[in-house]
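Note sheet for the following structure.
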Amino acid sequence: MVFTQSLNIEKQRLVRANHLISFCFIFSFALIIGVAWAQPPTGELSFGYRHFWEPSDGLPSNQTEIGVIPRFSFDLTEDTTFILEPALRTRNHDNDDVFVDPYKSRFTQYFDQLQITAGYDVVFWGASEGAQILNILNQKDLGTDFSADQPLGQPMVKFSGYIGEGLATFYYLPYTPKRHFREYSERLSAGFDIDGENVQWRDSQHAYYPGFAARYAYSFDDMDIALLGFHGINREPAFVVEAGEFAPIYTVGTQIGMEVQRVMGNLLTKFEVLNVSDAPTLRGDFDETTQYVIAGEYSVFSVFDSGADLRWVAEYSDNTLGEELLSLYQHDVLLAVHTSLNDVDSTEISLSLLHDLDHGSNIIEVTLTRRLTQNIDLEATFFDLSAMSASDFFYGLEPDSYGEITLTYYF
């Protein structure tokens, strides 16, 4: 046992050292090039404080996070740009001192009818707010963001151009980043001890298994349609138990989907469908499923002549595997209202409710965003997880309701 603990401590030290070396290399390289091109960097620096309302045995009641995303932009030629935009993140109660992600560091070459991008980038597919079943290209950073809205940079070569009247984009994905998880010593781990370093690959596959993806988007009249396909390592892992810990396991899969949006006056309707050949299940293996989301948004402008706008959102998500699918969105309804005051400080208030139709669990989120100064934004978020059902797979989140304040400085 002592020998195992020593190995784990040594492994953590090596991980921290590698992250710090990567950070120093990326930052020094960026500064050297930035001085050579005499272009000042831009970017953002964020500080977040999260407080949990209920105590939990042996776990902290608060957590702080710091993120830095510098952006160095260089025009190498008239039609060639290079952007170095790494993301550097750290938080207390985590074994890693600094988590380094290349994020959006990429070369872009522009031609008359074609754009080629090589490097790391973030690509968002789909239009739904909740399940986001079509957002399958980038891996998620669950260590940084509980709501899974924070992606990891995806290495790619991207070709984008118009075919007919639609925009076609093709991707070659040479590598799949590992998902980043929260430590067992942190809150919001749902009670699962996940060893994110002990990654397994089904059928002797590996992170360098080449992936391919394509998307074709077309608009006509009041309708937008997009078709997409993906083949490679699934970004959603299953989990197997080893030595009392959950080890993520990945497999190669094929995904084919479609997105349809239609505008009818103040009403925007959405439909998303995705067939997945190998979706993760609660059994720790993979199975075929078809997921779909039906959604609607209704906007009201200048409510009572106040200048404020309201946007009402309703989404229904389901899948053919039912409760076997390893996902927070199995058979759910999302209801939300977004308020934009349209004032000089760009104040926005959002309220959302995610209701599990199988277990009756409820997750409530309230968010306030406001610009404090020309360069500083405030975001205050409250998550209520106290209404999780004991029969829900994610019941371990029940004591982790929290409030969070994030200040972001843009330079």
Side-chain angles (χ1 to χ4, degrees), residues 4 7-8 10-12 14-15 18-19 22 95-96 99-103 119-123 125 133-144 148 150-158 171-184 189-190 192-214 228-257 274-289 291 319 321 324-328 393:
T4 302
L7 287 178
N8 288 336
E10 185 62 26
K11 182 177 71 172
Q12 293 167 9
L14 289 174
V15 170
N18 289 335
H19 285 170
S22 300
N95 289 329
D96 297 339
F99 177 73
V100 181
D101 178 19
Y103 199 44
Y120 283 75
D121 206 354
V122 172
V123 177
W125 285 352
I133 61 173
L134 300 184
N135 191 26
I136 58 177
L137 213 59
N138 286 82
Q139 186 58 275
K140 297 181 177 66
D141 183 358
L142 295 184
T144 300
Q150 180 62 60
L152 298 177
Q154 169 63 47
M156 66 178 66
V157 178
K158 179 175 70 173
Y171 303 83
Y172 167 63
L173 314 168
Y175 173 75
T176 300
K178 296 180 297 185
R179 177 167 293 190
H180 194 210
F181 297 98
R182 299 186 71 80
E183 299 287 341
Y184 187 63
S189 62
F192 301 119
D193 191 0
I194 299 176
D195 185 358
E197 298 300 319
N198 184 22
V199 176
Q200 300 184 20
W201 310 91
R202 197 165 106 174
D203 299 330
S204 300
Q205 295 149 356
H206 49 77
Y208 290 93
Y209 186 95
F212 301 90
L228 60 92
F230 168 87
H231 178 79
I233 297 292
N234 282 2
R235 302 312 189 246
E236 299 286 346
F239 295 91
V240 294
V241 179
E242 286 195 350
E245 295 182 324
F246 288 88
I249 178 171
Y250 294 89
T251 189
V252 171
T254 300
Q255 305 182 43
I256 299 175
L274 181 71
N275 179 265
V276 185
S277 67
D278 292 85
T281 71
L282 298 181
R283 303 185 303 268
D285 58 7
F286 300 89
D287 203 347
E288 182 179 2
T289 187
Q291 301 171 260
N319 75 95
L321 271 180
E324 287 296 311
L325 181 66
L326 180 58
S327 172
L328 185 63
F393 180 77

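The analysis underlying the following values was restricted to heavy atoms, covering all of them including side chains, and did not include hydrogens, waters or symmetry mates.
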I need the minimum non-hydrogen distance between [X] and [Y], along with the two atoms involved.
{"X": "P151", "Y": "V122", "answer": "CG-CG1, 3.5 Å"}
{"X": "G143", "Y": "R182", "answer": "O-NH1, 2.8 Å"}
{"X": "K178", "Y": "G196", "answer": "CD-O, 4.2 Å"}
{"X": "R235", "Y": "N138", "answer": "CG-O, 4.0 Å"}
{"X": "G253", "Y": "D278", "answer": "CA-OD1, 3.9 Å"}
{"X": "G153", "Y": "P155", "answer": "O-CD, 3.8 Å"}

Excluding sequence neighbours, so at least two apart, what forms side chain to side chain contact (heavy atoms under 4.5 Å, CB included) with [X]?
{"X": "A214", "value": "F170"}
{"X": "F212", "value": "Y172, P210"}
{"X": "D141", "value": "R89, F99, T144, Q150, L152, H180"}
{"X": "N135", "value": "F124, Q132"}

Report the distance from atom [atom1] of [X] to atom [atom2] of [Y], rounding to the nearest 0.5 Å.
{"X": "T281", "Y": "E288", "atom1": "OG1", "atom2": "CD", "result": "13.5 Å"}
{"X": "F286", "Y": "T251", "atom1": "CZ", "atom2": "OG1", "result": "5.5 Å"}
{"X": "Q291", "Y": "L325", "atom1": "CD", "atom2": "CG", "result": "5.0 Å"}
{"X": "I233", "Y": "R202", "atom1": "CD1", "atom2": "CZ", "result": "10.5 Å"}
{"X": "W125", "Y": "I133", "atom1": "CH2", "atom2": "CD1", "result": "13.0 Å"}
{"X": "I249", "Y": "Q205", "atom1": "CD1", "atom2": "CD", "result": "9.0 Å"}

Using side-chain heavy atoms (C-beta onward) and a distance below 4.5 Å, is [X] in contact with [Y]?
{"X": "F246", "Y": "V241", "answer": "yes"}
{"X": "L274", "Y": "T289", "answer": "no"}
{"X": "V123", "Y": "M156", "answer": "yes"}
{"X": "P248", "Y": "F181", "answer": "yes"}

Quick one: list whatever passes side-chain hydrogen bond (donor to acceptor under 3.5 Å, both in side chains) with [X], sequence neighbours left out.
{"X": "D121", "result": "none"}
{"X": "S277", "result": "none"}
{"X": "Q200", "result": "E242"}
{"X": "E236", "result": "K140, R179"}

Residue list, salt bridge (charged side-chain N to carboxylate O under 4.0 Å, His left out) with D285, at least two apart or on another chain: R283
Inter- and intrachain pairs under salt bridge (charged side-chain N to carboxylate O under 4.0 Å, His left out), touching residues 244-257, at least two apart: none
Answer yes if the ring centres of Y120 and Y175 are under 6.0 angstrom apart, and no otherwise. no
Checking side-chain contact (heavy atoms from CB on, under 4.5 Å) for the pair V252/N234: CA distance, chi angles, key distance, verdict? CA-CA 6 Å; V252 171; N234 282 2; over 6 Å; no
Please lay out, stage by stage, how V157 and Y171 fare under the test side-chain contact (heavy atoms from CB on, under 4.5 Å). CA-CA 6 Å; V157 178; Y171 303 83; over 6 Å; no
Contacts of type ring pair (Phe, Tyr, Trp, His ring centres under 6.0 Å), residue Y209, not counting sequence neighbours: none
Taking ring pair (Phe, Tyr, Trp, His ring centres under 6.0 Å) as the definition, give me every residue that meets it alongside F230, ordered by chain and number, with sequence neighbours left out. none
Please test L282 against F239 for side-chain contact (heavy atoms from CB on, under 4.5 Å), starting from the C-alpha separation and ending with a verdict. CA-CA 8 Å; L282 298 181; F239 295 91; over 6 Å; no
